[in-house]
2 protein chains.
Amino acid sequence: MPIQIKQHDCKTELREADLKATPARLAALKVLEASNKPLDVATIRLELKRSGINTDPATVFRMMNSFSDKGIVRGVNLQESKLRYEHAAKKEHHHLLCQSCSAIEDISDCNINALEKGIEKKKGFLVKSHALEFYGLCQKCQKIN
Amino acid sequence: MPIQIKQHDCKTELREADLKATPARLAALKVLEASNKPLDVATIRLELKRSGINTDPATVFRMMNSFSDKGIVRGVNLQESKLRYEHAAKKEHHHLLCQSCSAIEDISDCNINALEKGIEKKKGFLVKSHALEFYGLCQKCQKIN
DNA sequence: TTGACAGATGCAATAGACTTGCATATACTA
DNA sequence: TAGTATATGCAAGTCTATTGCATCTGTCAA
C-alpha cells in the first residue's frame, strides 16, 4: 500500500485559505501555477476564456486581491502601469526584463541578504521586504542588436 | 578677479536640454532639487501653487515626461499607483520606505554591482538598470510599535 | 440530499493616474 | 521686435483598479 501523499491541489489550497473553490478561481490558480512569468489581469482573463470560462475584470481583480491577502499569490510590479501576479509557492526570486523583446526571466539566489543586514546596521531601518528587478538585454537580443 | 564658476542653474539646465525655460519648469526643477525625497505630480503642483504658479495636471505630466526623456529627472516607482520623480543630478541611490509612517529615506552606496556582474555571468543577461527599494520600519516606528 | 447563508460574481458606476487633440499663449532666434 | 517652434490649458479619452448592489453558488449542517 503506497504512502498517502498529501495532495496539495488548487482546491485544498483554496480551502485552507477559507476561500470558496469556484471554477474561475481553480482555473486562475492553475494558470498562474503553469506560467513561468508573472501575469496581468488581462492575460489571466484571456487564459480563462481559452478554457471556456468567461469572467468579469472586477472578479479577477477581486480574486487576485483575496489571493494576495491570503498569501497564495504575490503581486509583481515591473514598472508598468499594471500589476502582475505570480504563484507565491514559487520561491522568492527576482526578474530580468528584456527591454527589447519584453522577455521576463526569473533569477533566484541573489544574495541580497547581505545588503539588508548592512542597511539595518547602518540606518537602523528594519527591512521587512524589498523590490528588486533588473532591466537590460537578454542574450538573444544582445546578438541581434 | 574671482574665477568664473560655471553657474549650472535651472535655466542653463533646461537650455542644454533644448527645453524652453518657462516659469513653471524653472519652479518645478527647483522644487525637485530642494526635496529630499521623490515627489508625485500632485505634490509638485501643490508646491508650485505655493509659489503662485498655477498649472494644469497635464502640463506637469508632460514636463516630467520631457525631463525624463532628457535625463533631467528620474521616475521612481515605489509600488504606489502613481510615479514619483527625483532630480537626476542626485547620485544613484535607493529608498527605504517605512510601512508605518510612510517616511522615505535615501540609501546610497549599496554595492549592487556585484549582483549585476553575477547575473551577467550566470544568465548572459546584460543589465542596463535596476529597481531596488526596501520596505520595513524606520528607527522611530520600531520604537513606537 | 437538501436548504440556508456567507461569500462570490456580474454589471454598472466610479476613482485616479496619465495621455492626447486642439486652440491659444509664450519663449527664443534672427 | 516679429516669426516660429514649442509649451500650456482645457476637455475628452484611456487604462487600471475599486465599489455598490442585486443575483447566484459553494459549503456545511441538519
Given atom [atom1] of [X] and atom [atom2] of [N], what is their separation to the nearest angstrom?
X	N	atom1	atom2	result
B:Met64	D:dT8	CE	P	10 Å
A:Asp18	D:dG26	CG	P	18 Å
B:Phe67	D:dT6	CZ	P	16 Å
B:Arg45	C:dA17	CZ	P	11 Å
B:Arg84	C:dA17	CZ	P	11 Å
B:Leu83	C:dG16	CG	P	18 Å
A:Gln79	C:dA17	CD	P	18 Å
A:Leu26	C:dT9	CG	C1'	15 Å

**Item:** Position toward the 5' end of DNA chain C (nearest nucleotide), B:Lys11 or B:Lys82
**Value:** B:Lys82
**Request:** Run the salt-bridge test on B:Glu33 and B:Lys30 with the 4.0 Å N-O cut-off and return the result as yes or no.
**Result:**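 Here B:Glu33 does not pair with B:Lys30 in a salt bridge, since their nearest N and O are not under 4.0 Å apart.
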**Request:** Give a yes or no on whether a salt bridge exists between A:Glu86 and A:Lys37, defined as a side-chain N under 4.0 angstrom from a carboxylate O.
**Result:** no
**DNA chain D: 5'-proximal contact among A:Leu19 and B:Asn54 (nearest heavy atom)** = B:Asn54
**Prompt:** Where the side chain of A:Thr59 meets the backbone of A:Thr55, is there a donor-acceptor pair that is under 3.5 Å apart?
**Reply:** no
Would you tell me if any nitrogen or oxygen in the side chain of [X] comes within less than 4.0 Å of OP1 or OP2 on [N]?
X	N	answer
B:Asn65	C:dC18	no
B:Arg25	C:dA27	no
A:Thr22	C:dA8	no

**Prompt:** Are any of the side-chain heavy atoms of B:Glu116 and B:Ile112 separated by less than 4.5 Å?
**Reply:** yes
Counting only side-chain heavy atoms from C-beta out, which of [options] sits nearest to [X]?
X	options	value
A:Met63	C:dG10, D:dA7, C:dT9	C:dT9
B:Phe61	C:dA27, C:dG10, C:dC18	C:dC18
B:Arg15	C:dC28, D:dA17, D:dG26	C:dC28

**Request:** Confirm from the modelled atom types if A:Lys20 and C:dA6 form a donor-acceptor pair under 3.5 Å, side chain to base only.
**Result:** yes
**Request:** Find the runs of at least 3 consecutive base pairs, i with j, i+1 with j-1 and so on, that include DNA chain C, using Watson-Crick or G-U wobble geometry with both distances under 3.5 Å.
**Result:** C:1-30 with D:1-30
**Request:** Mind checking ring pair (Phe, Tyr, Trp, His ring centres under 6.0 Å) for A:His94 and listing every partner two or more places apart, or none if nothing turns up?
**Result:**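 For A:His94 the ring pair (Phe, Tyr, Trp, His ring centres under 6.0 Å) partners, ignoring immediate neighbours, are A:His130.
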**Asked** What distance separates A:Ile107 CD1 from A:Phe134 CZ, expressed to the nearest 0.5 Å?
**Response** 7.0 Å
**Request:** Describe the nucleic acid contact of A:Ser66 in one word from base, sugar-phosphate, nothing, applying a heavy-atom distance below 4.0 Å.
**Result:** nothing
Show the distances under 3.5 angstrom between N or O atoms of the protein and N or O atoms of nucleotides 10-15 of chain D.
residue	atom	partner	partner atom	Å
D:dC10	N4	B:Arg62	NH2	3.4

Any donor-acceptor pair under 3.5 Å linking the side-chain atoms of [Y] with those of [X]?
X	Y	answer
B:Asp9	B:Thr12	yes
B:Ser66	B:Asp69	no
B:Asn77	A:Asn77	yes
B:Thr43	B:Asp40	yes

